[in-house]
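Have a look at the structure below, then the notes.
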Amino acid sequence: MCGIVGYAGKNEARLVLLEGLKRLEYRGYDSAGIAILGDGIIVKKAVGKIRELESKIDGVNLSGNLGIAHTRWATHGQPSEANAHPHSDCTGKIWVVHNGIIENYQTLKKWLEERGHVFKSETDTEVVPHLLEEFYEGSITKALQRVVKMLQGAYGLAVLHQDEPQKLIAVRYGSPLVIGLGDGETIVASDVSAIIRYTKQVIYLNDGEIAEINSSGLKILDFDFNEINREAQKIEWDVSQAEKNGFSHFMLKEIFEQPKTISDSIRGRLVIKDGKVKLGGLDNVIDKIRSIEKIIIVGCGTARNAGSIGEYMLEEYAGVATEVEYASEFRYRKPVLDNKTAIIAISQSGETADTLAAVKEGKEKNILTLGVVNVVGSTIARTTDAGVYNHIGPEISVASTKAFTSQVAILALITILFGRQRNLSLAVGKRIEEELLILPDKIESITRQSEKIKKIAEKYCHFNNFIYLGRKYNQPVAAEGALKLKEISYIHTEGLPTGEMKHGSISLIDKNFPCLCIAPQDSVYEKNVSNIEEIKARSGKVIAITTEGNDQLNKLVDDVIFIPKTLEMLTPILSVIPLQLFAYHVAALRGCDIDKPRNLAKSVTVE
Ligand code: F6R
């Protein structure tokens, strides 16, 4: 969603803040703004990407050692300079940047207007500086401690007051904030990627904590003025992982990273001789897992698609009843839960509001909650009872790729863990692990086909509708491939279970409505071929993904992409790669802004 960065230290705040905003731009990018406290406060805002803000401040004297900045993804009010952050009170002395939502802002705004406050934006955020003005009596920290008790919703805030020129205040309630402790400088941000260039020592704020940052250091307080001691943690990844390294887009870089990220996800976790896995993050709940009879997987978008593959794996190999739920729906159902149920929450960012709400619902019902999360120290990672990290480094592209394949690989490990506690044999556990080990080379053989897939993309990039079809393990891959194409190219796509097509959607098929059929030589191959015949009989164009060496489809379909053979349960890790590349090339050919698709944000921290 939005990104926040704040700086207090010995260097020019402007440089660190702009650099931080660029790192955070993938989170939201419809407008941006900066406030620097030097000789007075100077504020600049611009609609559009960070480069618009940069050109606006080019030549402006923005000198000062303290500042806050923000990149916005609109929730309340159109993208405009007036709605861009930072926002101010009536005096223009208090400035605030905010990530999240103030749910009761209308009530607060009405109350403030009755007291004479004049609002300049349509945002929910603007109530915060006005409330601070209302309660300010010489200490912005004390004013904030009063104001947070009036706010409902989720927020990460960074605040400046012109009359307290050495102080930067940050507060977290439901929206992530991390503080980097550098050499003579402190940086606060909504995401570590804005910090790693300067320091790897960080402190994650918890909900209900205020950080008071000044030149002599950092003080963490709770909402009742108690001081909290917190050790700094070391970030394990470095700045080069957040760079494009010669690729034209982060998405392409991350697609090509997948041989490595699959290795990183499984490294040190396979005990091949015993057909078992070692997942340290689950050690503390290993006995509880033994008693689990039902699993509910929750996630959103790509993470949910990975979860649907987990459902097939866990039922087939671990024999545990599993269902997959849209995280955004979970709390509106009345799921039947008992102490033999576990939730597995899947989230790359670990901050997705809907997934977090599902986890909290599970905790409320006192059931075991497990996480499959990439971002270390993120809210979902810390809220779940136990979990497994992906260890794939930062995923910057808004369209998720390497997180998906890693999530599927981790779900395979979890399946082995659950399975070996139940009826899965040593031999089958071992077989899955041996196959996981050689997947990276197989992925590489697909990424090497990028140019061939680009040629296919050239043939199809002008179509405005696509159907993606897959069965069994590849049914969620069809959904994922369709999601990838639609989100970055704005082409209308549908991802369906192949067998569903004849129950209605087949009426769409004609020569202008191509189908992407995932049909590896697996247990449902013959059935897929029959469905492809049905499409061809209606003059539909078909691109098929099938197994290397299968020359049967060449004659039937328009284009074929080959993937190496693997275990049926692991095919999604391979079959999704051509779909990621196809989506990438189509979007590139259509001139789309691939890493920053319109209307989207990387981590959706609002409901
Ligand atoms: C699609 C995409 C989204 C995310 C979803 C969940 O490419 O990235 O669908 O998968 O917003 O995000 P996380 O995994 O961070 O919870």
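Ligands are counted one by one from 1 in listed order, and the atoms in each one are counted from 1 as well. Residues take their numbers from the sequence shown, with the count starting at 1.
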Strictly distance-based, threshold 3.5 Å: is any side-chain N or O of [X] a donor or acceptor partner for the main-chain N or O of [Y]?
X	Y	result
E316	M313	no
T369	D385	yes
H98	Y155	no
N374	I392	yes

Under 3.5 Å, is there a donor-acceptor pair between the S193 and D191 side chains?
->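 A donor-acceptor contact under 3.5 Å links the two side chains.
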
Can a donor-acceptor pair be found between the side chains of N390 and S265 at a distance below 3.5 Å?
->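 Side-chain D/A pair, N390 to S265: absent.
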
Measure up the F513 and H492 rings against each other and bin them: parallel (under 30°), tilted (30 to 60°), perpendicular (over 60°).
-> perpendicular

Kindly assign one of parallel, tilted or perpendicular to the pair Y460 and F466, based on the angle between their ring planes and the thresholds 30° and 60°.
-> tilted

Considering both backbone and side-chain atoms of [X], is one of its nitrogen or oxygen atoms within less than 3.5 Å of a nitrogen or oxygen in ligand 1?
X	answer
K484	yes
Q407	no
G350	no

Heavy-atom nearest neighbour of atom 12 (O) of ligand 1 within options T401, I380, T352 =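 Among T401, I380, T352, the closest heavy atom to atom 12 (O) of ligand 1 comes from T352.
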
Any idea which of T355, V373, I346, T302 brings a heavy atom closest to atom 10 (O) of ligand 1?
-> T302

Please identify which atoms of ligand 1 are closer than 4.0 Å to at least one heavy atom of [X].
X	value
S347	13 (P), 14 (O), 15 (O), 16 (O)
E487	1 (C), 7 (O)
Q348	13 (P), 14 (O), 15 (O), 16 (O)
G301	9 (O)
S349	13 (P), 15 (O), 16 (O)
A303	10 (O), 14 (O)
A399	7 (O)

Does ligand 1 have an atom under 4.0 Å from some heavy atom of N374?
->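 Under 4.0 Å: no for N374.
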
Verify whether the ring centers belonging to F247 and F256 lie closer than 6.0 Å.
-> yes

Within reach of ligand 1, part of R304 (heavy-atom separation under 4.0 Å) |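 Neither; no heavy atom under 4.0 Å.
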
